4 protein chains.
Amino acid sequence: MKPKDEKKLQAIFNATLSLTGQEGIVGLTMSKIAKTAKIGIGTLYVYFESKEELVNELYRQLKTGGTLSMIDDLKALPVKPQLLEVWKRTLQYRVENHAQMVFMEQFLNSPFISEESRGLSYQFTAYLTDLLETGQQQMIIKQADEAILMNLLSGYSRQLAAHLVDTKTPLTEKVINESFSLCWDAIKS
Amino acid sequence: MKPKDEKKLQAIFNATLSLTGQEGIVGLTMSKIAKTAKIGIGTLYVYFESKEELVNELYRQLKTGGTLSMIDDLKALPVKPQLLEVWKRTLQYRVENHAQMVFMEQFLNSPFISEESRGLSYQFTAYLTDLLETGQQQMIIKQADEAILMNLLSGYSRQLAAHLVDTKTPLTEKVINESFSLCWDAIKS
Amino acid sequence: MKPKDEKKLQAIFNATLSLTGQEGIVGLTMSKIAKTAKIGIGTLYVYFESKEELVNELYRQLKTGGTLSMIDDLKALPVKPQLLEVWKRTLQYRVENHAQMVFMEQFLNSPFISEESRGLSYQFTAYLTDLLETGQQQMIIKQADEAILMNLLSGYSRQLAAHLVDTKTPLTEKVINESFSLCWDAIKS
Amino acid sequence: MKPKDEKKLQAIFNATLSLTGQEGIVGLTMSKIAKTAKIGIGTLYVYFESKEELVNELYRQLKTGGTLSMIDDLKALPVKPQLLEVWKRTLQYRVENHAQMVFMEQFLNSPFISEESRGLSYQFTAYLTDLLETGQQQMIIKQADEAILMNLLSGYSRQLAAHLVDTKTPLTEKVINESFSLCWDAIKS
DNA sequence: AATGAATGAGGATTCATTCAT
DNA sequence: AATGAATGAATCCTCATTCAT
């Protein structure tokens, strides 16, 4: 990759996200991306060697620039408030960046994904697992297998965000608190 | 659909599921399906008018023959045992039929899905919503918005099953009970 | 060819003519012929070894059963009345059997035509040439090259019949007489 | 149509005409056209969206660039000399451009023809009808129905040209004059 | 660096023909 | 004799990628 123009790069990524939202990753073609990004097809190949590279690069950017980046300032908080804040931010991010979520999900099941990209999937999980472990050590979270706990949080968050977007329900404080309350009741010891 | 040979029809569906599991719905081609099902490409078009029809028909069959069919005998049970049994069966079904789950998920985000197929998505949800409502009337389930409750169950179940398959963890009674215990703590009033 | 059932054979020919009239010889398929003739595709191959044979056979039948058969009783007439009668019958035949005309024309330009079929094209022409020659010997027809005369008659007849069918104009005595009058003025010496 | 390279466009049209001449419009395939025009199949689709568009576009070009364009300078001539000149030019054009004539005829009976293309068919006819009407007003042409007159001219011209090409007879002045003489005798009052 | 015309491998679909019933 | 399911070669068309400008 030899990014020359940051604006063009963003236009390409935005076009890719927008098109995936509309027709799914199945209908994604290089010429549509170029047209939507208002550049020539040839130019696309100046920025990315192939469709596969484009799509993996976008995935990497979303992973590192997305949920992962939003937790750095929270690590000092106690477990429950930290979890609430993570819950809130994650829901917010997922609702506000639905196109990104759709892209990532479809990408994970596509033949385009590289081994390297697949590795990225688990970094946020790792953070959450750590947090839950801390809670268990403090005796405030159930002593169940971490995967059992983790999957509730991540699966619920994913599904709820999708539901809110699908039904165009706004993400109010009430929804955040009610849903987090369920989570907490589920995992607290 | 003009099913002439039930065995061939099943071979086609199995081939489609198997291929989707390997390369995702993006990599699904008619010739691969035919080759995997050990029939001629032309034969595929004797059974289905197009790729779209094939894939929608398979989805319909999975929806009506899958989770939906497993709940008829439970409706007499009290809410909590009924929910536990549904939880158990759903997890079991999802773990044992992972290819089907992957197919359905990818299909929902593909450009192949017809309006009619999209309508099928919500029947199991409707059953669960009913059950939760009954629980609320009996004052044993939280008075939260049903979507808030529903999404926890469905999102968790989906994620947990995927995790078990991914990590090749067997679905033991312990896992079923522990995970259901989380669910129940989350939604009980 | 092993014609077993004359009715079925005619049903096949009628279906072929009807379909050619609707979509041209380009859109002619064996399965459409079978469906229109209300027989199984397999049965078609009991009557004809191939599409090519079917279509050549039909052509032969039209040629020998059509214009060629209508002139036997006229050969005794004097030139002008004979020509008028041929003109009349030919126009009538062409207007009433337009589907046949379309089929023959398209067939002549298709890759299906066999050498043998191509030979059939010229029998009617030969009769007309003879008749014109007789007229020339009797000094009532111009001493021009026969092809020059012939092509006027055949080209005009073809075009006029097509025009009448196209504009749904009925073939009245007036039209027959006026058009023949033109022909006669053209070729008389 | 987005003509990028005029030479390539002409190569495509020439290939199409040549192939139609050989095997008829039935045997016309996109890959044969590409191969004959010495371009890639994909390139064909840069110039034309579909086989149908290609073939309709060619028809339009032949119609507007062919017989229609050859009559502008004649409109000042008196009726008979004008008709003779049109007769001559039309014959010449048809003999010299036989592939075009075959293509247009087959195209008219193909399922490819669009409504728009069908409309083009009648412009030359309209010119001739006008000319004949003028002749009728000047009392030098028979007062017969114009269609009766028209079809003789057009049908004869078509047939004669086809005959000349078929028998490889050169189009001499003698042929032109003799045939026109027949026409004139037919229609003069 | 930017472009888009050119390319052909690959995908969906059709259709003449075969063959077991 | 009659049938139509089964077949795959051949067709139309798409799309990732290249390359000359």
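Computed from a predicted structure; not experimentally measured. Proteins get letters first, then strands, A, B, ... in listed order; numbering begins at 1 in each. For the numbers below, each heavy atom of this structure counts, side chains included, while hydrogens, waters and symmetry mates do not.
Between the CG atom of Leu54(B) and the P atom of dT13(E) there is a distance of 10 Å, given to the nearest Å. Note: CG (Leu9(D)) to P (dA5(E)) measures 13 Å, nearest angstrom. Distance Glu53(C) CD to dA16(E) P: 15 Å, rounded to the nearest Å.
Formation of a donor-acceptor pair under 3.5 Å by the Asn109(D) side chain with backbone atoms of Gly24(C) is not found in this model. Of the possible polar contacts, none joining the Glu53(C) side chain to the Phe48(C) backbone as a donor-acceptor pair under 3.5 Å is found. Thr64(D) contributes a side-chain N or O that, together with a main-chain N or O of Arg60(D), makes up a donor-acceptor pair within less than 3.5 Å. Of the possible polar contacts, one joining the Asn56(B) side chain to the Ser114(B) backbone as a donor-acceptor pair under 3.5 Å is found.
Among residue pairs with one or both ends in residues 10-21 of chain C, those qualifying as side-chain hydrogen bond (donor to acceptor under 3.5 Å, both in side chains) are Gln10(C)-Gln61(C), Ser18(C)-Gln22(C); sequence neighbours excluded.
Projected onto DNA chain E by closest heavy-atom contact, Lys8(D) and Leu44(A) fall at different nucleotides, the more 5' of which corresponds to Leu44(A).
When the side chain to side chain contact (heavy atoms under 4.5 Å, CB included) test is applied to Met30(D), the partners found at least two apart in sequence or on another chain are Ile33(D), Leu44(D), Tyr45(D), Lys51(D), Leu54(D). Listed by chain and number, the residues in a side chain to side chain contact (heavy atoms under 4.5 Å, CB included) with Lys32(A) are Leu19(A), Glu23(A), Thr29(A) (sequence neighbours excluded).
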Under 4.0 Å protein heavy-atom contacts per nucleotide of nucleotides 14-21 of chain F, with B for base, S for backbone only and - for none | BSSBB---
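Applying the 4.0 Å criterion to OP1 and OP2 of dA5(E), one finds that Thr43(D) has every side-chain N and O outside that range. Side-chain N/O atoms of Tyr47(A) include one lying less than 4.0 angstrom from OP1 or OP2 on dA2(E).
Taking the centre of each ring, Phe13(B) and Tyr59(B) stay at or above the 6.0 Å mark.
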Give the intermediate values and the outcome of side-chain contact (heavy atoms from CB on, under 4.5 Å) for residues Arg94(A) and Gln100(A).
-> CA-CA 8 Å; Arg94(A) 285 186 159 155; Gln100(A) 277 93 322; over 6 Å; no
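The shortest distance between side-chain heavy atoms of Gln106(A) and Gln106(B) does not fall below 4.5 Å.
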For DNA chain F, what dot-bracket results from Watson-Crick or G-U pairs at under 3.5 Å, with [ ] for crossers and | for inter-strand partners?
-> .||||||||||||||||||||
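The CZ atom of Phe112(D) sits 6.0 Å away from atom CD1 of Ile25(D), with the distance rounded to the nearest 0.5 Å.
Scanning residues 33-40 of chain D for heavy-atom distances under 4.0 Å to DNA chain E yields Ile39(D), Gly40(D).
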